[in-house]
Amino acid sequence: MRNLKQEPVKTLFLGSSWESVETLKSLNEDSRFDIVGVITTVDKPVGRDQVLTPSDVKKYALENSIEVFHTEKNDEKYREALKKFHPELIVCKAFGEIVPEFFIDYPRYKAINIHFSILPKYRGAVPIQKAILNGDDKTGITIMLMSKALDEGDILEIYEEKILPKDTNLSLRKRLVKKSAEILGNTLENWINGNIKPQKQDSSSATYCWQKDISKENAEINWEEMDPEYIERMTRAFTPWPIAWTQWNNKRVKLFDVDIVKCDSNKVPGELFTDNGNLLLGTKLKDLCIKVNRLQIEGKQEMSAKEFINGRLGLS
RNA sequence: CGCGGGGUAGAGCAGUGGCAGCUCGUCAGGCUCAUAACCUGGAGGUCGUCGGUUCGAAUCCGACCCCCGCAA
């Protein structure tokens, strides 16, 4: 039994995105852990002007005087990192690189990954989006050992979280980030003190999700084939990126917030029309329409349906 | 110099050389048992900024600033 408060665990953190920052922050502010360094992706060009920008994790680390290291998918660099930091524990969240096996085997207390699904369901890059898209009523957090293959390591702890009817990828992700930051420290302490026996995953029931499923191309609504329910889930799963969209007057229209409503119309699927002050889109089902609450026309700012109607924009 | 759309009242938009407009909101009054209803009236604009052309510019020309879609 190790008293972590007197003898903090030398921890190396791997991550890149804003959600990894929350995880890093919770560990950095936890006296049981001593963050010896952070590995993150190199600065990337970002936005319309392609300005070279450090990752959110790098920004946090620099502000908090934590040493930053870039491995750039290079085995030699990984060896260098081990020599430099001598970690007893590695924690990884939304890093964006596949790490070599010798690296995750090195620390005394192994390498831990946090994944936002109930593994072995939704192994891969976009588990939250996929859970919403599939209409699941719950998802969760898996804290697990890293292994050679992606998301296949033994499980230390699972936390379940309900998916609410209006949940978007963003809103659900925020809850999971917050929750995982709350439970991580204790889970790690239990693991380090030998109170957790890792559970093997049942790989025969594994499912997978790929980043390419969540792309601008896949965010275009196919009105002939998609059910209204699926379209509504798309708008939530594709928030805040890439945003479900369709065509109107040869322009892209992003749909930010929609509802499914009963309607009695013979509109063509995908046709935009107004009815009683509502902005509706016809679907392949005659008695159901998509009611648009917030939208954005290409070249315009995001606006409410009411604002869109007030401007008339060619609608009769 | 990656490609493209845009900046006009608080919001959304129309307006290609000749009085600054529309829908919504807002304010005042009216009607109504009642209102996101209806009627009447009002306030609210350096037309992104600077310069140029012109008798006259929101409108044409040049430069710059800002917002957005695509691409990466």
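Every heavy atom of this structure was used, including side-chain atoms; hydrogens, water molecules and symmetry mates were not. Below, chain A is the first sequence line, B the second, and so on; all start at residue 1.
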Please report the C-alpha distance between V261(A) and N278(A) in whole Å, then the side-chain angles of each, then the deciding distance to 0.1 Å, and finally whether the side-chain contact (heavy atoms from CB on, under 4.5 Å) criterion is met. CA-CA 10 Å; V261(A) 294; N278(A) 289 327; over 6 Å; no
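- Between P242(A) and K306(A), the residue anchored nearer the 5' end of RNA chain B, judged by the nucleotide with its closest heavy atom, is K306(A).
- The partner of C70(B) is G2(B), by the rule that a Watson-Crick or G-U pair needs both atom distances under 3.5 Å.
- Across all strands shown, A58(B) has no partner, as no Watson-Crick or G-U wobble contact with both distances under 3.5 Å is found.
- A cation-pi arrangement is present between K267(A) and F273(A) under the rule of less than 6.0 angstrom and at most 45 degrees off the ring axis.
- A close approach under 4.0 Å does not occur between any side-chain nitrogen or oxygen of K300(A) and OP1 or OP2 of G12(B).
- Base pairing analysis places U40(B) opposite A28(B); the two distances defining the Watson-Crick or G-U wobble pair are each below 3.5 Å.
- Remark: E63(A) does not engage K59(A) in a salt bridge, criterion side-chain N to carboxylate O under 4.0 Å.
- Taking atom C1' on both nucleotides, C39(B) is separated from U35(B) by 15 Å, rounded to a whole Å.
- Regarding contacts with the backbone of A71(B), a side-chain N or O of K216(A) is found under 4.0 angstrom from either OP1 or OP2.
- For the C1' atom pair drawn from C1(B) and A63(B), the interatomic distance equals 15 Å after rounding to whole Å.
- The nearest whole Å value for the distance from the NZ atom in K251(A) to the P atom in G5(B) is 10 Å.
- When both pairing distances are held under 3.5 Å, C64(B) makes a Watson-Crick or G-U pair with G48(B).
- Contact check on E76(A) versus R79(A) returns a salt bridge, with a Lys/Arg side-chain nitrogen under 4.0 Å from an Asp/Glu carboxylate oxygen.
- Across G52(B) and G56(B), the matching P atoms stand 12 Å from one another, rounded to whole Å.
- When both pairing distances are held under 3.5 Å, G21(B) makes a Watson-Crick or G-U pair with C13(B).
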